[in-house]
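For reference, the structure discussed in these notes is given below.
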Protein chains: 2
Amino acid sequence: MSVTNFEANLKHRCSSCSLREICLPVGLDAEEMTRLDDLVKRRRRVFSGQSLFRAGDPLQALAAVRTGFFKIYEISVSGQEQITGFPMSGELMGLDAISTGAHRGNAVALEDSEVCEIPFTRLEGLLADLPRLQHQFHKLLSGAIATDHALVMILGTMTAEFKVAAFLLNLSDRRGQRGEDPSEILLPMSREEIGNYLGLKLETVSRMFSKLRDQNLIATEGRKTFIRDREGLRALCQQGSDT
Amino acid sequence: MSVTNFEANLKHRCSSCSLREICLPVGLDAEEMTRLDDLVKRRRRVFSGQSLFRAGDPLQALAAVRTGFFKIYEISVSGQEQITGFPMSGELMGLDAISTGAHRGNAVALEDSEVCEIPFTRLEGLLADLPRLQHQFHKLLSGAIATDHALVMILGTMTAEFKVAAFLLNLSDRRGQRGEDPSEILLPMSREEIGNYLGLKLETVSRMFSKLRDQNLIATEGRKTFIRDREGLRALCQQGSDT
DNA sequence: TCGCAGACTTGACCCAGGACAAGGGCGGAG
DNA sequence: CTCCGCCCTTGTCCTGGGTCAAGTCTGCGA
């Protein structure tokens, strides 16, 4: 629950961060980067299972994942939990809190992780000075909407098998963007969490993993998952929808 | 397909628009409002069934619905159509296009409608000058994310009956916010469109309307729908979820 | 090293919602 | 006013994924 805090003595900086081509600083020059660095001083470690923020917490800072993996979930009026995303390195958390000033989601680390905190009010101040940063911030907000639409598409139109295939391809692609091996995925989330995210039960997720394995599209070693036939998976997605 | 265009001779202005407490100009003073008015000169009529923009079109302008109703849908890799929203007056369309510079969705008017076009590049320029406008714009972007999460929640956790009840309550609430009678909804979309949006087939939507009617929660006259027992509907939502 | 708890797999059965089919009603064109 | 087409409703049957129930695997702590 509590969170370790190891300030700027570990001279982490956006300018030297390997994620600067994915995260907030895309397209900034050296001077602009420095001003952003001034803002993003505080890093936090969040250990596996710990919570970074909870629904209802006032929005102080956006958080960019530096290393690790999170899940974001919300509780519905009927008390149901729904995972709305699995942010990984370079992705911002807390964007949906701007509208009300309070977090709507709960952020829990799925493995030992590190985040960069970006005080939101100060960020808005900086945006007015740095048009490129402003534009990048808008692109990230807009991208979050597009990501959500992709999930809506999956939930609304796809069969169980397709959902799982699309989920694995998505994780694989995101690994690829970060220069990691896209065909080897160490899933930090349980079958139940995957099912919750995709609108399926954990048993169904498990069955679909088995089914994909039987078709030689993937291989599994516990949570470690290998993409064996990326094109086959993609082809499956292109027809694997409800009527 | 083509779109009538009736420029500023109909002296529409944000400053005198009845939606200024919902739309982009929230919280602006008179001078700021004037600068926004300068930007938002062009209004367009879009007749029922016409398209305002299509997936792939370059983002020129965001569009705020002034009157009427739209549907936004995207086409999945498998060719499936998925409606991601039904924007009504005061709501912005095209926010998801900022990330790539091209629209992802298709916007079609569900009834004769009117939109205000907001040239996006010029808007970003103005945001740097007007902190309050900047903040409101961020709130709208963030609110769009929150809205999408609400849809994900509905799609991921709810039964057919709950989905339809939640849909009607949502429309009703949005009417209420605009000062219209929240208990009388003239649905501009077909059962099929509702079903597509909620991840249901049209027959199921129809059945759920009948079921809600049998419980005296709503009344229907064709597409005109009356909320008879708002609390009952809400109570239903609070327990009407998958196990 | 062993034992245990939590996570995963697999099987058998069931049910909410989909598929298919047959009307019924309503609004626009002539 | 009438006709036609589209949308909506309702019935019947079917199926994908949920539910329930055994196991099996794995990693961790003693």
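Note on naming: letters A, B, ... go to the chains in the order of the sequence lines (proteins, then strands), and numbering restarts at 1 for each one. Any value given below was found using the heavy atoms of this structure, including those in side chains, with hydrogens, waters and symmetry copies removed.
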Next item on the list: Indicate whether OP1 or OP2 belonging to C:dT9 is found under 4.0 Å from a side-chain N or O atom of A:Ser206.
Entry: yes
Notebook entry, point to check: Given that A:Gly222 and A:Leu200 both sit by DNA chain D, which one's nearest nucleotide is further toward the 5' end?
Noted result: A:Leu200
Margin query: Any N or O donor-acceptor pair under 3.5 Å from the base of C:dC20 to the side chain of B:Glu203?
Written below: yes
Checklist line | Residue B:Ala160, side-chain atoms from C-beta onward, closest of C:dG17, D:dG17, C:dT10 | finding: C:dG17
Margin query: Under a 3.5 Å cutoff, is there a donor and acceptor pairing between the side chains of B:Thr220 and B:Arg213?
Written below: yes
Margin query: Heavy atoms only, 4.0 Å cut-off, all strands: where does B:Leu202 land among base, sugar-phosphate and nothing?
Written below: base
Check: Between C:dG11 atom P and A:Asp214 atom CG, what is the distance in whole Å?
Finding: 10 Å
Next item on the list: Measure the shortest side-chain to side-chain distance between A:Val115 and A:Phe70 over non-hydrogen atoms and say whether it is less than 4.5 angstrom.
Entry: yes
Margin query: Among B:Glu91, B:Glu114, B:Glu117, exactly one meets salt bridge (Lys or Arg N to Asp or Glu O under 4.0 Å) together with B:Arg66. Which residue is that?
Written below: B:Glu114
Item checked: A:Leu198 CG - D:dG16 C1' separation (whole Å) -> 16 Å
Next item on the list: With heavy atoms under 4.0 Å as the rule, sort A:Arg223 into base, sugar-phosphate or nothing.
Entry: sugar-phosphate
Next item on the list: Please state whether the phosphate of C:dA16, meaning OP1 or OP2, lies under 4.0 angstrom from any side-chain nitrogen or oxygen of B:Thr204.
Entry: no
Item checked: Atom of A:Cys237, atom of B:Val77 and distance for their closest heavy-atom approach -> O-CG2, 4.2 Å
Notebook entry, point to check: Roughly how many Å is it from NZ in B:Lys224 to P in C:dC26, rounded to a whole number?
Noted result: 13 Å
Next item on the list: For the side chain of B:Lys201, starting at C-beta, report the closest nucleotide among D:dT9, D:dG18, C:dA19.
Entry: C:dA19
Check: Between A:Phe69 and A:Phe86, is the ring centre distance below 6.0 Å?
Finding: no
Notebook entry, point to check: Counting any heavy atom closer than 4.0 Å, what does A:Gly195 reach on the DNA or RNA strands: base, sugar-phosphate only, or nothing?
Noted result: nothing
Check: Can you check the A:Leu110 CG to C:dA7 P distance for me, whole Å?
Finding: 12 Å
Notebook entry, point to check: Expressed in angstrom and rounded to an integer, what is the separation of B:Leu212 atom CG from D:dT9 atom C1'?
Noted result: 15 Å
Check: Rounded to whole angstrom units, what separation is found between the CD1 atom of A:Ile218 and the P atom of C:dC8?
Finding: 13 Å
Item checked: Rounded distance in Å - NZ (B:Lys211) to P (D:dT9) -> 16 Å
Margin query: Please classify the nucleic acid contact of A:Ser190 as base, sugar-phosphate, or nothing, using heavy-atom distances under 4.0 Å.
Written below: sugar-phosphate
Next item on the list: When you get a sec, tell me which of D:dT10, C:dT10, D:dG17 is the closest nucleotide to the side chain of A:Arg213?
Entry: C:dT10
Notebook entry, point to check: Between atom CZ in A:Phe162 and atom P in D:dG17, what is the gap in whole Å?
Noted result: 12 Å
Check: With nearest nucleotides of DNA chain D determined for A:Arg207 and B:Phe209 from heavy-atom distances, which residue corresponds to the more 5′ nucleotide?
Finding: B:Phe209
